[in-house]
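Below is one structure, written out as structure tokens; comments come after it.
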There are 2 protein chains.
Amino acid sequence: MTSTRIPTRTRILEAALAALRDEGIAGISARTIARYGDFNQALIFYHFGSVDALLVAVARSESERRSALYAEALRDVTSLRELVAVARRLHEEEFQAGTVAALTQMIAGAVGTAELAQGIREAFEPWTKLVGESIARVLADTPYVGILPEGDLTTAVAALFLGIELLVGLDPDAAAGESLFTTMESVATLVDGLLLHVVPEPDPSRP
Amino acid sequence: MTSTRIPTRTRILEAALAALRDEGIAGISARTIARYGDFNQALIFYHFGSVDALLVAVARSESERRSALYAEALRDVTSLRELVAVARRLHEEEFQAGTVAALTQMIAGAVGTAELAQGIREAFEPWTKLVGESIARVLADTPYVGILPEGDLTTAVAALFLGIELLVGLDPDAAAGESLFTTMESVATLVDGLLLHVVPEPDPSRP
DNA sequence: GTCTATAGTCGGATAGAC
DNA sequence: GTCTATCCGACTATAGAC
């Protein structure tokens with residue numbers, strides 16, 4: 001796990017992610033991160049220059065990893081239900097690792113630090129682009145193309161999932177388990193019907 | 001503005017809110033807050049005991065203020081469109097003051113500080129209850145009562161609006177202006193139609 | 001590349017004068 | 001209730017030995 005074969009740069013990135021997840025942005029410091037990775041605090045400055053620069057590097061690394069993992073699934077999305085299904089898979093796979101929570105903390109920490117905000121924004125541009133394209137495909141061939149602005153819908157979807165992770169951080173019980181995403185899949189199925197002008201019957205046994 | 005007639009306790013609460021909004025949770029400290037309110041740093045500990053306790057007091061105060069301001073409007077809500085309209089009004093009225101952004105920062109900061117999380121959760125219980133009741137009324141008299149769990153929907157709605165403020169903090173241009181909420185009102189109107197099983201313009205040529 | 005040591009700053013919190 | 005003064009731990013960042 002903590003094998004010496006893993007390059008220090010990577011170890012620092014992983015430690016920063018873990019610290020962000022567990023301690024939150026308010027508890028982040030070079031010393032905290034070093035404790036998580038069991039390396040010397042000074043290495044952070046040697047490899048990344050500053051703590052903020054390290055956080056931007058974490059954002060970039062996470063954005064790339066995530067794009068690689070979910071790009072294929074996202075490209076197949078043509079309905080809202082499918083989009084929520086990908087989101088659910090992402091939530092289930094990433095929740096334990098706490099990577100979305102870490103991202104949420106970074107975004108929250110970017111307030112009042114303009115360069116950190118810009119770095120994170122740029123780091124996640126490829127990812128938001130992927131999500132935006134999926135939403136465009138959901139809208140395509142529905143009567144609402146050109147009526148509902150894709151940019152706003154993308155923002156709303158991104159906001160929804162970031163907000164969920166934020167609330168999960170506040171109250172792990174509230175959004176835990178399958179219930180929340182199951183409900184959202186139900187709603188998405190209903191809206192998909194609406195998009196196609198077909199109203200499905202209410203289903204007493206939620207899928 | 002900085003009149004001596006305002007009790008110190010209030011001045012501290014307001015300064016903490018402003019500091020939270022401008023500097024974010026990562027930049028919060030007794031000294032930062034004292035600078036914002038132009039009072040002595042030691043007063044925070046005299047009046048509130050600790051910085052964390054002050055933050056919980058801010059959450060309580062904001063929850064009460066908000067409940068008082070929007071309870072009436074929320075009680076009239078019986079459709080999703082009306083709920084989004086209240087959210088839009090809240091966003092427009094509170095955005096400049098930055099109170100939602102401050103709350104977002106508090107929630108983000110609560111990660112890894114269990115007692116802070118519990119304090120904030122309790123502080124906002126009356127408010128989430130109000131929102132939950134509105135959603136219950138939206139669902140009432142639709143075929144989906146008892147099928148779609150209100151708790152999950154409340155969580156999703158709360159998450160959506162928290163996430164929006166989080167993203168606005170990251171990129172003020174992205175969610176600025178009227179566009180985002182106008183789009184959400186459009187979507188809400190469509191979904192309202194769905195909830196009542198009334199499809200705007202049936203199109204038999206589409207399966 | 002990684003370590004120790006340290007400068008210099010800022011933080012929470014308290015004691016005690018007024 | 002509000003102030004000054006202060007303890008002391010934690011922080012960023014750098015210098016320099018290895």
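Residue numbering restarts at 1 for every chain, and letters A, B, ... go by the order of the sequence lines. Side chains are part of it too, since the values below use all heavy atoms of this structure and drop only hydrogens, waters and symmetry mates.
- Residue Leu54(A) contributes atom CG, which lies 14 Å from atom C1' of dA13(D) at whole-angstrom precision.
- As a whole-Å value, the separation of Arg9(A) CZ from dT2(C) C1' is 16 Å.
- One interatomic measurement links the two molecules: NE2 of His47(A) to P of dA13(D), which rounds to 16 Å at whole-angstrom precision.
- Side-chain proximity of Phe45(B) to dA13(C), dC3(C), dT4(D): nearest is dA13(C).
- Rounded to whole Å, atom C1' of dC11(D) lies 15 Å from atom CD1 of Ile25(A).
- For Thr8(A) and dT2(C), the shortest distance from a side-chain N or O to OP1 or OP2 is below 4.0 Å.
- Nearest nucleotide to the Arg31(B) side chain, out of dG1(D), dC11(D), dA13(C): dA13(C).
- Contact check, Thr32(B) against dC10(C): no side-chain N or O comes under 4.0 Å of OP1 or OP2.
- Taking only side-chain atoms of Ala42(B), from C-beta outward, the nucleotide of dG1(D), dT4(D), dT14(D) with the closest atom is dT4(D).
- Glu94(B) pairs in a salt bridge (Lys or Arg N to Asp or Glu O under 4.0 Å) with only one of the listed residues (Arg89(B), Arg88(B), Arg65(B)), which is Arg65(B).
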For Lys129(B) and Glu133(B), run salt bridge (charged side-chain N to carboxylate O under 4.0 Å, His left out): C-alpha distance rounded to whole Å, both residues' side-chain angles, the deciding distance at 0.1 Å, then the answer. CA-CA 6 Å; Lys129(B) 189 157 168 270; Glu133(B) 287 166 358; 3.6 Å; yes
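- Distance CD (Gln41(B)) to C1' (dG12(C)): 7 Å, rounded to an integer number of Å.
- Remark: C1' of dA10(D) and CZ of Arg35(A) are 9 Å apart, rounded to the nearest angstrom.
- At least one donor-acceptor pair under 3.5 Å links the side chain of Ser63(B) to the backbone N or O of Ala123(B).
- Each of dA5(D), dA13(D), dT2(D) was ranked by its minimum atom distance to the side chain of Leu43(B); first place goes to dT2(D).
- Thr78(A) and Glu82(A) are linked by a side-chain donor-acceptor pair at a separation below 3.5 angstrom, with hydrogens and angles left out of the test.
- A donor-acceptor pair shorter than 3.5 Å cannot be found between the side chains of Ser186(A) and Thr183(A).
- For Ile28(B) and dC10(C), the CD1 to C1' distance is 15 Å, given to the nearest whole Å.
- As rounded to whole Å, 16 Å separates atom P of dA15(C) from atom CG of Asn40(B).
- The residue among Ser29(A) and Tyr46(B) whose nearest nucleotide of DNA chain D is located toward the 5' end is Tyr46(B).
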